[in-house]
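Down below is the structure, laid out as structure tokens.
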Amino acid sequence: RMDLVEDYAQTLADGCGTWIATGTAQDGQGGCAQAYADIADRTHTHFAPRHISSSETERTEFYIRGDFDFDLENLDILVKGNIGLRYVDYQLKSTGGINLPATSRRGTNANKSLEQLIQTQYTDLYDLASGESFSSTIDGADYTTLLPSLNLSFALTDELIVRFGASKGIYFPSLVQSANKMNISLNYEEVFLNPEAGKDDSAENPADWVNPTVELDNIEISANARNAFLEPEESINIDLTTEWYFADAGSLTVGLFHKKLSNIIRNETRQTEVTVGNITYPVSAYGPANTGSGTIRGVEFAYSQFYDMLPGAWSGLGLQLNFTYIDQNDLEDPNTNPTEGLKFRGDGSPVVDNRNSFRQFTGLPLQGYSDSNFNIVGMYEKYGFSARLAYTWRSDYLLTLRESEEFVPAYSKDQGMMDASLFYDVAEGIKVGLQVSNLLDEKTQTQYQQNQEGIRTDAFSFTSDRRYALSVNAVF
């Protein structure tokens with residue numbers, strides 16, 4: 001019935017107490033959830049300021065490139081290449097929600113010593129801990145750079161080619177990372193009249209309080225925040241490859257690569273500030289920042305050939321092999337704080353989850369990088385048939401710095417996967433085929449790191465289901 005969705009909010013209201021359970025409203029009044037309409041701070045249609053962020057980016061880019069070729073006559077070597085320069089200007093304006101500390105940080109009872117102390121002697125903190133959310137717009141990143149590149153190929157013989165490349169590249173932060181959002185917390189330690197005894201302000205008359213709160217110590221305004229001032233990550237790339245074409249349909253390749261990374265985006269604690277009313281507060285914010293540098297270097301071996309020297313149908317057989325080894329240097333994550341998302345309950349109060357937050361390990365590798373990767377592909381191309389049987393293996397790698405169950409780093413163990421495909425040309429430009437993913441129905445097995453020394457224990461496993469796909473491809 002389309003009429004049920006034409007006015008969704010009214011449909012929910014009409015269903016209260018029948019097909020919508022009572023007591024689901026986030027205002028705590030015992031009614032039914034009314035598509036956010038029961039919460040007063042939803043000033044932006046169905047959403048509160050804490051739910052909304054918007055980014056305005058301006059990117060200006062242009063490049064020039066020149067191609068060239070010449071002979072080294074004395075050496076009988078043909079040189080081809082290009083040189084280029086790219087200009088990039090990147091500016092960001094971001095609007096997002098600033099969420100102030102909950103009113104409970106003022107104290108939970110206006111007639112008790114803590115709240116009275118904060119209200120009278122720490123008025124700035126009392127005003128800060130209003131539990132309110134508001135939108136804030138700032139001019140964030142203003143970044144300009146030049147990206148040079150050089151590519152050369154040297155034809156030593158008709159069969160042997162050496163290639164060299166050098167370039168600078170950048171990787172832009174995501175809009176999630178660069179949003180202007182901040183969830184602020186107020187932390188302090190209560191100092192009692194008698195520090196050696198427990199707190200006692202249970203009497204109704206303040207004059208009868210035995211051991212009230214008389215002062216605050218170790219006051220800290222902290223936050224979990226995004227960072228609108230993030231700049232792109234940068235890399236200096238150098239590649240050297242030798243290619244040997246030993247047959248009409250066969251080649252052997254050896255390549256070396258080196259990448260110098262800088263401006264790496266990682267989570268860290270940084271000092272910032274927030275203005276509420278006419279007061280500017282210093283804030284110790286934890287979130288993404290441009291920090292650290294390091295290198296990735298490695299070697300790659302590749303072999304590819306169709307065995308067209310074989311007789312008849314056998315001449316359609318082929319094989320591809322590829323192996324890559326990667327070495328990371330100085331890229332270990334210095335993270336010493338757990339990463340928590342900006343999460344809220346329906347009433348807007350922040351969700352703080354510090355379970356097992358003591359498991360804070362340093363020296364973790366970059367996420368998603370395996371030291372060793374291997375691929376082997378069996379191929380067939382003959383009589384209109386095109387077939388592939390591919391096996392891919394990679395060594396263990398870091399999945400996440402802190403997973404959501406045990407709050408520890410999680411790794412994927414060594415894993416191999418096999419895929420297959422078969423296509424047939426039924427007519428010129430038209431193919432039909434079958435593709436199978438995870439042919440062996442392999443599972444991904446994970447491990448948790450339990451301590452700073454790197455001891456791991458087996459964790460969960462999951463299966464990427466074996467998938468079949470029938471397809472028709474047409475080229476007109």
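Quick note: numbers below take in every heavy atom, side chains included, and nothing from hydrogens, waters or symmetry partners. Numbering of residues begins at 1 and proceeds along the displayed sequence.
Here the side chain of Ser113 pairs a donor or acceptor atom with the backbone of Thr213 at under 3.5 angstrom. Put simply, the side chain of Asn451 gets close to the backbone of Gly454: a donor and an acceptor are under 3.5 Å apart.
A salt bridge is defined here as a Lys NZ or Arg NE, NH1 or NH2 lying under 4.0 Å from an Asp or Glu carboxylate O, and Asp419 with Arg388 fails to meet this definition. The pair Lys413-Asp396 does not meet the salt-bridge criterion, since no charged nitrogen lies less than 4.0 angstrom from a carboxylate oxygen. The pair Glu268-Arg266 does not meet the salt-bridge criterion, since no charged nitrogen lies less than 4.0 angstrom from a carboxylate oxygen.
Relative to the six-membered ring of Tyr411, Arg456 meets both conditions, a distance below 6.0 Å and an angle of at most 45° to the axis.
Thr275 and Thr280 share a donor-acceptor pair across their side chains, judged by distance under 3.5 Å alone.
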Run Thr324 and Asn373 through side chain to side chain donor-acceptor pair (under 3.5 Å) and show every step you take. CA-CA 5 Å; Thr324 304; Asn373 299 268; 5.7 Å; no
When you look at Ile296 and Leu366, which way does the side chain to side chain contact (heavy atoms under 4.5 Å, CB included) test go after all the steps? CA-CA 10 Å; Ile296 296 176; Leu366 283 181; 4.2 Å; yes
Yes or no on side chain to side chain contact (heavy atoms under 4.5 Å, CB included) for Phe374 and Leu321, after CA distance, side-chain angles and deciding distance? CA-CA 8 Å; Phe374 174 73; Leu321 296 173; 4.2 Å; yes
List the steps and the verdict of ring-ring contact (aromatic ring centres under 6.0 Å, His included) for Tyr397 and Tyr369. CA-CA 6 Å; Tyr397 62 95; Tyr369 278 86; 9.7 Å; no
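Closest non-hydrogen pair, Met182 versus Ala223, comes out as CG-CB, 3.5 Å. Nearest approach of Leu440 to Arg466, heavy atoms of both residues: C-NH2, 4.0 Å. Across all their heavy atoms, Lys93 and Asp139 have their closest contact at CE-OD1, 3.1 Å.
Taking Thr253 as the reference, Thr241, Glu243, Ala302 meet the side-chain contact (heavy atoms from CB on, under 4.5 Å) condition, with sequence neighbours excluded. With sequence neighbours excluded, the residues that form a ring pair (Phe, Tyr, Trp, His ring centres under 6.0 Å) with Tyr90 are Phe172.
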